Amino acid sequence: MHIHSPFHFMRRHALGISVLCVLIAGYFAAVGYVGTRLRDDMSHTLQAVPTSVDKH
């Protein structure tokens, strides 16, 4: 039985591993971007209404 090193596997599948890493990084970047936009939109929508104190 011949045991291959993990580097042999990584050399054979370098393109697939690279594409997978780029897709995962892109996914997290997109989730972060959407989360930031949603937080900004919600902070504008749910802004506290300024109150005027009645001094009569």
Side-chain angles (χ1 to χ4, degrees):
M1 177 187 256
H2 187 274
I3 298 175
H4 294 284
S5 73
F7 297 111
H8 178 69
F9 174 82
M10 290 184 353
R11 268 196 309 267
R12 282 191 307 156
H13 300 290
L15 180 62
I17 292 170
S18 300
V19 169
L20 182 64
C21 288
V22 168
L23 287 176
I24 291 171
Y27 171 77
F28 283 111
V31 167
Y33 175 74
V34 169
T36 302
R37 293 290 307 253
L38 183 61
R39 184 189 66 210
D40 291 344
D41 289 344
M42 292 301 287
S43 67
H44 288 275
T45 302
L46 300 177
Q47 230 173 16
V49 177
T51 58
S52 61
V53 178
D54 189 11
K55 296 185 180 183
H56 293 300

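The model shown is predicted, which means the values in this text are computed figures rather than measured ones.
- By the 4.5 Å heavy-atom criterion applied to side chains, Val34 and Arg37 are not counted as neighbours.
- With rounding to the nearest 0.5 angstrom, the CD1 atom of Ile17 is 10.0 Å from the CZ atom of Arg12.
- Val22 and Tyr27 fall into different hydrophobic clusters, where Ile, Leu, Val, Met, Phe, Trp and Tyr residues are linked whenever their side-chain heavy atoms come under 4.5 Å apart, directly or through other members.
- How far CG of Leu15 is from CG of Leu20: 11.0 Å, rounded to the nearest 0.5 Å.
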